[in-house]
Amino acid sequence: MTKRKLVTAALPYANGPIHIGHLVEYVQTDIWVRFQRLRQNETLFVCADDTHGTAIMLRARKEGRSEEALIAEMREAHIRDFAGFDILFDNYGSTNSDENRELCGEFWAALRKEGLVVEKSIEQLFDPEAGTFLADRFVRGTCPKCGKQDQAGDNCECGHTYTPADLIDPVSAISGATPEVREAVHLFVELEKLHGFLDEWTQNGKHLQQEVANYLKGHFLGDPLRDWDISRPAPYFGFEIPDAPGNYWYVWFDAPIGYVASTRQWCEANNQSLSDWWLSPDTEIHHFIGKDITYFHTLFWPAMLKVAGYQLPTKIHIHGFLTVGGEKMSKRKGTFIKAETYLNHLNPTYFRYYIAAKLGPRLDDLDLNLDEFVTKVNSDLVGKFVNLASRAAKFVKDTGLSATYPDDGGLFESAAKRGEEIAEAYENCDYARAMRTIMELADKANPYIESKAPWVLKKEPGNEQEIQDVCTVTLNLFRQLAIYLAPVLPRLATQAGELFGESLENWQQSQAPLVGTEINKFKRMLDRVEKESVDKMIADSAAENAAAEAAGAGALASAAQGDDSAEHLEKEPLADECTFDDFMKVDLRVARVVAAEDVPKAKKLLKLTLGLGGDVTKTVFAGIKAAYDPATLVGRKVVMVANLAPRKMKFGVSEGMVIAAGPGGEDVFLLSPDDDAQPGQRVH
RNA sequence: GGGCCAGUAGCUCAGUUGGUUAGAGCAGGGGACUCAUAAUCCCUUUGUCGGGGGUUCGAGUCCCUCCUGGCCUACCA
């Protein structure tokens with residue numbers, strides 16, 4: 001008897017939209033769930049929005065609305081995005097639900113009962129202006145060890161770690177105010193009392209990937225486990241702790257309980273019992289998460305479940321991050337792609353397949369290479385797979401499939417035998433292997449039809465049976481592949497089912513050929529990916545982010561940087577890093593304005609003659625007419641790019657550029673060297 | 001600093017417990033076909049398997065060492 005399976009994906013934080021980085025995980029999980037169902041395992045897939053914490057509170061405050069309004073809107077967007085990628089949850093809950101509050105109380109009571117909760121007074125920085133305690137990441141200041149400025153609240157680039165209270169000249173990133181050190185009583189869970197249990201559970205080789213077990217052993221389990229600070233004083237958006245008024249459960253306490261709460265919601269709607277799913281040894285529990293939240297899911301969460309008497313996770317599947325073009329996703333480069341933006345340009349099937357083809361069972365990051373994305377999807381899905389149906393279906397649209405399965409030289413049979421291999425790869429989350437194997441099979445199907453050439457047979461009468469047989473084989477190979485691919489490509493599985501007049505919902509269907517049935521008219525199943533669409537998506541994505549940044553000119557940034565507005569840096573973010581050598585290619589010189597004259601027909605230009613010392617002069621047409629009167633420029637010193645390639649302009653040749661800041665028009669500001677700089681001196 | 005992982009054809013990767021001339025897909029080159037979404041099929045080029053040392057009859061595969069890269073090191077996926 002197979003066990004029933006409860007599957008979760010990490011709860012996305014209700015503070016931002018879903019992007020393709022998130023989607024790696026949801027696609028991975030969805031594939032696994034669909035695979036389980038295809039194998040006839042009773043499977044429940046739950047998720048929820050993670051809604052609590054300081055970040056949500058601050059954002060709601062900034063937007064002048066309630067946290068509830070914010071998270072409701074975000075939840076709607078998340079659900080829409082997931083649906084757009086064919087991610088099919090049985091229940092999508094929220095950590096801000098009655099079910100969750102109640103369950104939190106239950107887990108809390110269990111911790112209390114075990115005597116694991118202790119009170120400790122700690123010093124924490126408080127922002128008097130914003131009226132809130134500051135999480136580490138909301139404090140910046142000078143590193144007490146190396147003296148580097150503008151470092152995060154808990155660690156410095158130099159590698160030193162500390163508490164925010166140790167920072168020199170700390171500044172609140174929220175308001176810019178100088179935080180005060182305040183003492184507050186927090187509640188802690190004495191995790192060390194569960195050390196033995198956690199040692200066994202993490203190291204027994206059953207529940208975690210080996211490298212994760214090693215990581216925990218090396219980082220945490222080698223020393224006594226620290227007490228876990230599990231409460232936050234008001235103001236905090238979350239659940240107030242019933243027996244500690246004025247204190248709230250830390251978001252990471254109630255978030256994983258959200259898995260249970262979402263399950264409960266589903267149970268209540270479907271007349272099921274929660275205990276069958278979370279308290280029964282007959283149910284496997286599988287969590288899919290990203291490696292950044294390993295710690296919470298592999299130490300705290302098992303500890304909480306253990307203490308509360310719940311079933312422990314069967315397996316925690318941890319994946320790496322998504323990079324694009326080998327780099328971290330970048331808003332500026334447009335590679336920080338929101339789900340919505342992707343869907344405006346591309347079919348989700350492409351993404352699901354590409355991600356599946358790259359996902360292995362380990363924690364390696366996986367890279368979205370946009371050129372590879374296009375060629376892989378087109379070549380594998382359209383060229384190899386869909387093409388089979390596309391080229392064979394029309395020959396049998398009147399006759400249907402042969403009544404008995406013809407001799408195909410063992411093609412179907414051997415591909416059927418490899419089904420278990422593919423299934424095992426899916427089971428182990430080694431989708432890359434599964435996709436490789438499937439494509440290997442597809443690579444045998446096209447040569448088959450090619451060698452039989454029904455389009456040639458058709459030219460001579462009397463070949464009807466052979467044509468039908470050849471197409472019966474080809475379409476059955478296609479159907480078999482469609483079943484193998486169904487967890488990844490649900491839409492194609494549906495379309496394939498329609499072609500055959502059946503529903504492809506059981507892995508076993510891949511093991512026996514379909515014969516003697518009609519074939520419906522072939523409808524185009526998948527368009528090729530156009531590189532132009534990908535490019536447009538990237539461009540859109542970059543534009544959105546630029547607009548968003550400009551609009552939301554952050555209180556965060558401006559406050560931490562004194563009175564200067566962050567606006568300019570946001571409008572024009574820093575360029576790509578360049579090397580010293582790159583920089584030295586640009587020859588900047590101090591120059592004196594020897595002559596400046598108006599160019600009557602030009603709207604923006606002034607003609608400048610710049611002296612570099614001695615007799616050397618350069619003529620430069622500068623777009624500063626609206627900002628400067630030529631007469632006032634003569635004699636002053638400026639900085640120019642002296643080795644710029646000459647450029648022919650309407651009014652003459654410009655031999656360089658003067659350096660100025662500002663967006664243009666009247667807002668142009670020439671840079672001047674300090675008084676003693678001499679024309680001709682290089683700037684570097 | 002500590003830890004984990006990786007380094008195999010231009011690119012993405014596969015190479016099971018060490019065993020014959022190291023593989024696939026894509027890209028490149030040549031040809032064929034025309035049923036199919038310029039899809040498909042056939043043929044084809046390319047590798048000091050990161051460097052060095054060692055174990056062995058035999059190493060991409062084990063050991064040592066060095067180099068390079070990625071990631072993690074208590075709340076962004």
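Hydrogens, waters and symmetry mates play no part in the numbers below; they use all other heavy atoms, side chains included.
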Students often get this wrong, so: under 4.0 angstrom with heavy atoms, is [X] touching a base, only sugar-phosphate, or nothing?
X: A:Pro447; value: sugar-phosphate
X: A:Asn387; value: base
X: A:Asn15; value: nothing
X: A:Lys459; value: sugar-phosphate
X: A:Val212; value: nothing
X: A:Ile293; value: sugar-phosphate
X: A:Lys291; value: sugar-phosphate
X: A:Met329; value: base

Do [X] and [Y] have side-chain atoms, one donor and one acceptor, less than 3.5 Å apart?
X: A:Thr95; Y: A:Asn100; answer: no
X: A:Thr349; Y: A:Asn347; answer: yes
X: A:Asn96; Y: A:Thr51; answer: no

**Asked** Should the pair A:Trp32 and A:His317 be assigned to parallel (<30°), tilted (30 to 60°) or perpendicular (>60°) ring geometry?
**Response**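 Aromatic pair A:Trp32/A:His317 classed tilted.
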**Asked** Near A:Lys458 NZ, under 6.0 Å, is it more than 12 heavy atoms from other residues, nucleotides or ligands?
**Response**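 Not buried by this count: 12 neighbours or fewer within 6.0 Å.
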Taking only the side-chain heavy atoms of [X] (C-beta and beyond), determine which of [options] contains the nearest atom.
X: A:Asp365; options: B:U37, B:C41, B:G70; answer: B:G70
X: A:Val386; options: B:C72, B:U37, B:C5; answer: B:U37
X: A:Lys358; options: B:C13, B:C35, B:U37; answer: B:C13

**Asked** Would A:Lys291 count as a cation-pi partner of A:Phe321, with NZ or CZ less than 6.0 Å from the six-membered ring centre and within 45° of the ring normal?
**Response**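 Positive - A:Lys291 is close enough to the ring of A:Phe321 and near enough to its axis.
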Please state how far atom [atom1] in [X] lies from atom [atom2] in [N], giving the value in whole angstrom units.
X: A:Glu424; N: B:U16; atom1: CD; atom2: P; result: 15 Å
X: A:Lys394; N: B:U34; atom1: NZ; atom2: P; result: 14 Å
X: A:Arg362; N: B:G3; atom1: CZ; atom2: P; result: 19 Å
X: A:Phe321; N: B:C76; atom1: CZ; atom2: P; result: 10 Å
X: A:Arg524; N: B:A36; atom1: CZ; atom2: P; result: 12 Å
X: A:Lys217; N: B:G3; atom1: NZ; atom2: P; result: 14 Å
X: A:Leu368; N: B:C13; atom1: CG; atom2: C1'; result: 16 Å
X: A:Glu372; N: B:G10; atom1: CD; atom2: P; result: 16 Å

**Prompt:** Between A:Val456 and A:Arg436, which has a closest nucleotide on RNA chain B that is more 5'?
**Reply:**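 By nearest-heavy-atom nucleotide position, the 5'-most residue is A:Arg436.
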**Request:** For A:Glu211 and for A:Thr375, find the nucleotide of RNA chain B with the closest heavy atom, then tell me which residue's nucleotide is more 5'.
**Result:**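 Result of the comparison: A:Glu211.
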side-chain N/O [X] vs [N] OP1/OP2, d < 4.0 Å:
X: A:Arg391; N: B:U40; answer: no
X: A:Arg433; N: B:G15; answer: yes
X: A:Lys384; N: B:U40; answer: no

**Asked** If we call it a pair only when both distances are under 3.5 Å in a Watson-Crick or G-U wobble match, what pairs with B:A24?
**Response**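 Pairing partner: B:U12.
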